[in-house]
Amino acid sequence: MEIKNIEFELFRYQLLPVTTHVIEDMFHEIKSTDDVRKNKNKFFWEIISKFPKLAHRTIELNQKLILCESPWIAFKLAAHKSLQRNNENFRKEKIENWPYVTVLINNDPTIQIIAVSKNREAFSSGGVIAGLIRESLYKHLLQYQLSMHVEAIFDKSEFWNIVKKFEGKITNVRFELISPNMANISKTVELDLKQLNKDTNSHKTVLELNSPEGARLEINKTNKNINSLIDYSSEGGGDISFKITGYKKRVHTSRSVSTINIDEITLENLTAKQLDTFMNLLKN
């Protein structure tokens, strides 16, 4: 029997204090912003391990917990859809359908990964699920004075593929960088985003490269500053987009999300140890 591999799209989440001047909360043992930073993953686990209900604005969802063993939580998330078919009386009828995806979350502070299986019948992309999780946990995290940011992980070669493909047509490159709370993915970035966050409470820093009117950007692979921004963004630290002559919409590097495969048999009999085997490949 052929074993089927299930492809998962990978996203990085980061947890940041909502303010540099936190309100003392003895119930959650919060006295300072440092307490929030230090306990961010503990707080996140307290929330996610209770398996709160996820919500979509227009689609009814159903969810089923399949693993909850720190730092892992895994669940299935189904979307209520309908199918049209012809019945035995030669008439069309609608039947209920609940296509689903599997979601894996690793809360290790050096990983902080959300992996979402691909199923276009259920959801258009893993990014939709990552957004649902962020939006649904917003109020829960706020009780701990935390906010959550999620970005796609992508191969940094995608940046240079876009540069090569649209050579002579790029007029703007925008880096939208999340202030990091993971030292292992921020070690290469030249700009000290972490300190900037502490000084200003900025959660997202936008850096734009713009060509002069009538000219195009000249982007060189040997540029140390650009490479540091690409390295950080590709690890889920931000989004990079391009404005290209002749295109109405911006082109994003996140369109090429990194993936990992897990075989169907393993997926149906999940253990934290099995998942560690896959995710250890992602550690920096």
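One is the number of the first residue; the rest follow in order along the sequence. Computation of the quantities below employed the complete heavy-atom set of this structure, encompassing side-chain atoms and omitting hydrogens, waters and symmetry-equivalent molecules.
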S.K.: With the side chain counted from C-beta on, respond yes when Val163 and Phe242 share a heavy-atom pair under 4.5 Å apart, and no when they do not.
M.R.: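 Yes, close enough: below the 4.5 Å cut-off.
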S.K.: Going from NZ on Lys204 to CG on Asp239, what distance comes out if it is rounded to the nearest 0.5 angstrom?
M.R.: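 The distance works out to 7.5 Å.
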S.K.: Distance only, no hydrogens: is a donor on one side chain within 3.5 Å (strictly under) of an acceptor on the other, for Thr110 and Asp108?
M.R.: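 A pair is found: one side chain offers a donor N or O, the other an acceptor, under 3.5 Å apart.
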S.K.: Out of curiosity, Ile114 CD1 to Ile153 CD1, how far, rounded to the nearest 0.5 Å?
M.R.: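 Rounded to the nearest 0.5 Å, the CD1-CD1 separation comes out at 9.5 Å.
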S.K.: In Å and rounded to the nearest 0.5 Å, what is the OG1 to CG distance from Thr259 to Asp155?
M.R.: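 If we round to the nearest 0.5 Å, Thr259:OG1 and Asp155:CG are 10.0 Å apart.
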S.K.: Show the numbers, then the answer: is there a side-chain hydrogen bond (donor to acceptor under 3.5 Å, both in side chains) between Asn269 and Gln274?
M.R.: CA-CA 9 Å; Asn269 301 277; Gln274 288 171 325; over 6 Å; no
S.K.: Tell me the closest heavy-atom pair linking Arg216 and Gly168, and the distance in Å.
M.R.: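 Nearest pair, atom of Arg216 first, then Gly168: CG-O, 3.0 Å.
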S.K.: Taking side chain as C-beta onward, heavy atoms only, is Val150 less than 4.5 Å from Ile133?
M.R.: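 They are not in contact (no side-chain heavy atoms under 4.5 Å apart), so the answer is no.
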S.K.: Within this structure, what is the CG-OG1 distance for the pair Leu77 and Thr102, rounded to the nearest 0.5 Å?
M.R.: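 Going from CG on Leu77 over to OG1 on Thr102, the span is 9.5 Å.
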S.K.: Within the 4.5 Å heavy-atom criterion, are Ser233 and Leu177 side-chain neighbours or not?
M.R.: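 Yes; the side chains approach each other to less than 4.5 Å.
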S.K.: Tell me whether the rings of His80 and Trp98 are parallel (<30°), tilted (30 to 60°) or perpendicular (>60°).
M.R.: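 Parallel, since the angle between the ring planes stays under 30°.
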S.K.: Should Asp34 and Arg37 count as an ion pair when the cut-off is N to O under 4.0 Å?
M.R.: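 Salt bridge between Asp34 and Arg37, a charged N being under 4.0 Å from a carboxylate O: yes.
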S.K.: Please check if Leu16 and Leu142 belong to a single hydrophobic cluster, counting links between Ile, Leu, Val, Met, Phe, Trp and Tyr side chain heavy atoms closer than 4.5 Å.
M.R.: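 Different clusters: Leu16 never reaches Leu142 through Ile, Leu, Val, Met, Phe, Trp or Tyr contacts under 4.5 Å.
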S.K.: Is there a donor-acceptor pair under 3.5 Å between the side chain of Gln112 and the backbone N or O of Tyr13?
M.R.: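 It does hold such a pair.
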S.K.: Go through the steps for Phe159 and Phe154 under the test ring-ring contact (aromatic ring centres under 6.0 Å, His included), then give the verdict.
M.R.: CA-CA 9 Å; Phe159 178 92; Phe154 61 89; 8.6 Å; no
S.K.: Is there side-chain contact between Glu29 and Asp35, with at least one heavy-atom pair below 4.5 Å?
M.R.: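 The answer is no, as the side chains (C-beta and beyond) never meet within the 4.5 Å cut-off.
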S.K.: Determine whether Ile170 and Val206 fall in the same hydrophobic cluster, where Ile, Leu, Val, Met, Phe, Trp and Tyr are linked whenever their side-chain heavy atoms lie under 4.5 Å apart.
M.R.: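 Ile170 does not cluster with Val206.
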S.K.: What I'd like to find out is whether the side chain of Asn107 reaches to under 4.5 Å of the side chain of Ile48, using heavy atoms alone.
M.R.: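 The answer is no; the side chains never approach within 4.5 Å.
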S.K.: Tell me whether Ile129 shares a hydrophobic cluster with Tyr138, the cluster being built from Ile, Leu, Val, Met, Phe, Trp, Tyr side chains joined at under 4.5 Å.
M.R.: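 Hydrophobic grouping puts Ile129 apart from Tyr138.
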S.K.: Pick out which of Leu104, Val116, Ile260 makes a side chain to side chain contact (heavy atoms under 4.5 Å, CB included) with Leu10.
M.R.: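 That would be Ile260.
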S.K.: Tell me, yes or no, whether the heavy-atom count around Glu46 atom CD, taken from other residues, nucleotides or ligands under 6.0 Å, exceeds 12.
M.R.: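 It does: Glu46 CD has more than 12 such atoms within range.
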S.K.: In this structure, are over 12 heavy atoms from other groups packed under 6.0 Å from Phe51 atom CZ?
M.R.: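 Count over threshold, so yes.
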S.K.: Minimum heavy-atom separation for Leu61 and Ala79, please, with both atom names.
M.R.: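 Smallest interatomic distance, heavy atoms only, reads CD2-CA, 4.2 Å.
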S.K.: What's the separation between atom CD in Glu218 and atom CG in Asn223, rounded to the nearest 0.5 Å?
M.R.: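 Reported value, rounded in 0.5 Å steps: 12.0 Å.
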S.K.: Side chains of Thr205 and Phe175: does their closest heavy-atom pair fall under 4.5 Å?
M.R.: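 A side-chain contact under 4.5 Å is absent here.
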S.K.: Answer with yes or no whether the hydrophobic clustering places Tyr100 together with Leu270; edges join I, L, V, M, F, W, Y residues whose side-chain heavy atoms lie under 4.5 Å apart.
M.R.: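 Each belongs to a different hydrophobic cluster.
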S.K.: What do you reckon, is CZ of Phe43 surrounded by more than 12 foreign heavy atoms closer than 6.0 Å?
M.R.: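 More than 12 heavy atoms, drawn from other residues, nucleotides or ligands, come within 6.0 Å of this atom.
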S.K.: Checking side chain to side chain contact (heavy atoms under 4.5 Å, CB included) for the pair Phe8/Ile262: CA distance, chi angles, key distance, verdict?
M.R.: CA-CA 8 Å; Phe8 284 77; Ile262 301 178; 4.1 Å; yes
S.K.: Do you know which two heavy atoms are closest between Glu121 and Lys81, and how far apart they sit?
M.R.: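 Minimum heavy-atom separation between Glu121 and Lys81: O-NZ, 3.0 Å.
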S.K.: For residues Thr271 and Trp72, determine if any side-chain heavy atom of one lies less than 4.5 Å from a side-chain heavy atom of the other.
M.R.: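 Contact flag for Thr271/Trp72 side chains = no.
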S.K.: Measure from the side-chain N and O atoms of Thr253 to the backbone N and O of Glu158, and report whether any donor-acceptor pair falls under 3.5 Å.
M.R.: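 Looks like no, no N/O pair under 3.5 Å.
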S.K.: Dump the intermediate steps for salt bridge (charged side-chain N to carboxylate O under 4.0 Å, His left out) on Arg12 and Glu151, then the final yes or no.
M.R.: CA-CA 5 Å; Arg12 180 91 63 186; Glu151 295 287 349; over 6 Å; no
S.K.: Looking only at non-hydrogen atoms, find the nearest pair between Ser124 and Val128 and report the distance.
M.R.: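 It is OG-CG2, 3.4 Å.
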S.K.: Do you know the tightest heavy-atom contact between Pro52 and Gln63?
M.R.: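 Heavy-atom minimum between the residues: O-NE2, 3.0 Å.
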S.K.: Side-chain heavy atoms under 4.5 angstrom apart, residues restricted to Ile, Leu, Val, Met, Phe, Trp, Tyr: same cluster for Ile59 and Leu54?
M.R.: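 Yes, one cluster joins them.
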S.K.: Under a 3.5 Å distance rule, please check whether His21 uses its side chain to pair with a backbone N or O of Thr33 as donor and acceptor.
M.R.: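 No; zero donor-acceptor contacts below 3.5 Å.
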S.K.: Give a yes or no on this: more than 12 heavy atoms of other residues, nucleotides or ligands lie within 6.0 Å of atom NZ of Lys53.
M.R.: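 For Lys53, atom NZ is crowded (more than 12 foreign heavy atoms under 6.0 Å).
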S.K.: Can you name the nearest heavy-atom pair linking Phe123 to Ala78, along with the distance?
M.R.: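 Nearest heavy atoms, Phe123 then Ala78: CZ-C, 4.4 Å.
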S.K.: Is any NZ, NE, NH1 or NH2 atom of the basic residue among Glu9 and Arg120 found under 4.0 Å from an Asp or Glu carboxylate oxygen of the other?
M.R.: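 Yes, Glu9 and Arg120 are salt-bridged.
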S.K.: Is the shortest heavy-atom distance from the side chain of Ile226 to the side chain of Val173 under 4.5 Å?
M.R.: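 Sidechains of Val173 and Ile226: no contact.
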